[in-house]
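Proteins get letters first, then strands, A, B, ... in listed order; numbering begins at 1 in each.
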Number of protein chains: 2
Amino acid sequence: MTASRVLRGEGGYSENTRVKVMAQVDALGYLPNRLATVFAGDQSSTFIGVSIPDLGNEVFAQVLEGIDRKLGTFGYQSVLGLTQHTLQEEENWIRTVLSWQPAGLILTGRYHSPRATDMLRNSGIPVIEIWDLNSSPLDMSVGINHFDSGFDMGRYLTSLGYRNIGYVGTSHDTANAATERLNGFCKAVDGAGGEVIKQLCLHDTATYYPGFYGTEQLLVAAPAVECIYYQNDAMAFGGLQYCSAKGLSIPNDIGIAGWGDLPIASVMSKRLTSCHVSHLKLGQTAAEMMMARLTDEPAPNCTDIGFRLIPGSTVRNSGI
Amino acid sequence: MTASRVLRGEGGYSENTRVKVMAQVDALGYLPNRLATVFAGDQSSTFIGVSIPDLGNEVFAQVLEGIDRKLGTFGYQSVLGLTQHTLQEEENWIRTVLSWQPAGLILTGRYHSPRATDMLRNSGIPVIEIWDLNSSPLDMSVGINHFDSGFDMGRYLTSLGYRNIGYVGTSHDTANAATERLNGFCKAVDGAGGEVIKQLCLHDTATYYPGFYGTEQLLVAAPAVECIYYQNDAMAFGGLQYCSAKGLSIPNDIGIAGWGDLPIASVMSKRLTSCHVSHLKLGQTAAEMMMARLTDEPAPNCTDIGFRLIPGSTVRNSGI
DNA sequence: AGGGGTTAAGTTACCCGTAACGTAGTTGTG
DNA sequence: CACAACTACGTTACGGGTAACTTAACCCCT
């Protein structure tokens, strides 16, 4: 007991005792067992469960980096769960991770299975849903409005005169933010009298090569598209490479627009038309909101990270 | 106690009792507290601590994906630690994560602080050092021989007649695998009578933009380099874009070689000269070795994932 | 000298799941 | 029918840290 007091530095012991205890700690290589503390219910753990769809998609890797780095500065650890875009995986992971008594959970996406939702509500711990901004979250939410982001791009591209527009993305069982962007995009294009031809790569990761072959498939199916909107910049770059390889000039023969303003865009010769989102900041903000909640500081329960359309030069630069 | 037996399905109860217990479980939304089980010492936890330098570098994101996905299939969870390439961060993280009684640790790199090494040795749990192949690991090791991988590229480039060669990479406080590759590379180039001019971007992440500006700095300092070896493909792509922007033809005016065979290489118009390593498999193998050890199955304590030089077409294709 | 206050250190109980053991009640066998 | 063998379920104790409480020793003041 006295040793416990010394290690926690809470006072009530003499200097002489402190020295003796510390000497034993060093001699034995003693490391405290935090499980015991948490188990006894005296304090909550420093685990934060973090679910992420996949790390092959650079945007999620950045979000996770933002979360874990910020949690680390507060002495908290991420317990990772890669859900592979399925609600069942997420549910299984939630059940397991809750059994470890985490201090909180950060989940990607607003959609959860009914059982998952029940568990989350009953858990009694803070839950932050990131990525999709969610005006009526289970508990807290950080992200952007993906529908609006897609809508803005749709409005921008149609304002340049594009009407026959392609979309290349990936498709999973679960509705997700990319679907929301596509919905917003279609609404804007429809509203301007245009049409969106969709090419979805099933169950693939939203990265370079699916962008490449998705573009090939799209252009075979719909050779007349004037412009292609991609799920993200990595896919857009893959598509751009496909078009270049086929001798198509950008933006003269075909326009290219991505999403996310990923690092690769910083070195491309033409500024990629895209939508800037600070993925790192999104993750950091989620971690900060979690910490604020855990220390009972006032915190918003909903934070819009915002986005910014990047006109770029991979689309034509004025109407017609 | 009977409830515990039912939940574990270990037998010794009647069907009638089972039904009553399960009804209560559903009614109460009961979730077991695994902390108690582990704490009591009846079984080990299903945490595996995983330290990774950063996730901005795509190779590490892939390694982590391989680890976590494979661990997940065994019902284990990764507790993440981003060490930002510093031994002190790693040491702090090891101390914390060990206090959670993980079943094992997977660490990136073979270098650890003395205190970290002590803690690892005393922990009594399996420790796998990944990335750098380590013939005398603390416990187990999975990776490739980075020195050899750099050496092979050096030999290949000099075999093509290159002698005045640049290197662009990042630099951190800690010696790491990229340093090993560079050492191997320099040895091969020296051996062939060539010279390596190094351009290190301090404390930056090994991704596109540092490759771009590092190339600019290198070419200002040493305009005569005929060929540049990069820390990885992302940096190589950044450099390639810089060269293209400056009107340098590749490989006629300058040769480009990367490392890692990252996804972006799959869509580049010229096959990037690089070195293929299966990062995902590396992570999966580490997770499999960990699981084998935890279930007392026979497992090698050292696995070489191997690499394969990709000649590519971003370097000249024969001597002189 | 004796009572109240203070400090340092020790004791007890608790957290929850399960191993180990105990105990009814039932079934089977010679 | 007596006794062993088994089944179903109950009881106790334990793990490591700490809150809450107790005890011992000492100090100061009147």
Point to revise | Ser141(B) side-chain N/O to Glu129(B) backbone N/O, donor-acceptor pair under 3.5 Å | key: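 The answer is yes, because a donor-acceptor pair under 3.5 Å joins these two groups.
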Practice item. Say whether, by atom type as modelled, one donor and one acceptor occur between the side chain of Gln77(A) and the main chain of Val79(B) under 3.5 angstrom. Key: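 No: the side chain of Gln77(A) does not pair with the backbone of Val79(B).
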Whole Å only: how far is the [atom1] atom of [X] from the [atom2] atom of [N]?
X: Glu15(B); N: dC9(D); atom1: CD; atom2: P; answer: 11 Å
X: Trp100(A); N: dC15(C); atom1: CH2; atom2: P; answer: 21 Å
X: Asn16(A); N: dA8(C); atom1: CG; atom2: P; answer: 11 Å
X: Arg34(A); N: dT18(D); atom1: CZ; atom2: C1'; answer: 12 Å
X: Leu35(B); N: dG17(C); atom1: CG; atom2: C1'; answer: 11 Å
X: Phe39(A); N: dT18(C); atom1: CZ; atom2: C1'; answer: 11 Å
X: Leu7(A); N: dG17(D); atom1: CG; atom2: P; answer: 9 Å
X: Glu10(B); N: dT7(D); atom1: CD; atom2: C1'; answer: 13 Å

Side-chain N or O of [X] less than 4.0 angstrom from OP1 or OP2 on [N]?
X: Thr17(A); N: dA8(C); answer: no
X: Ser14(A); N: dA9(C); answer: yes
X: Ser4(B); N: dG17(C); answer: no
X: Tyr30(A); N: dG17(D); answer: yes

Check your understanding: Atom CD of Glu91(A) and atom OG1 of Thr117(A): how far apart are they, to the nearest 0.5 Å?
Key ->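 Here the rounded value is 9.0 Å.
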Measuring from the side chain of [X] (C-beta onward, heavy atoms only), which nucleotide among [options] has the closest atom?
X: Arg5(A); options: dA20(D), dT18(C), dG17(D); value: dA20(D)
X: Met1(B); options: dG17(C), dA19(D), dA20(C); value: dA20(C)
X: Arg8(B); options: dG10(D), dG17(D), dT18(C); value: dT18(C)
X: Ala36(B); options: dA19(C), dG17(C), dC15(C); value: dG17(C)

Practice item. Name the orientation class of the two ring planes belonging to His203(A) and His172(A) (parallel below 30°, tilted from 30 to 60°, perpendicular beyond 60°). Key: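 Aromatic pair His203(A)/His172(A) classed perpendicular.
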Review point. Only one of Leu138(B), Leu98(B), Val50(B) clears side chain to side chain contact (heavy atoms under 4.5 Å, CB included) with Leu105(B); which?
Key: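 Passing option: Leu98(B).
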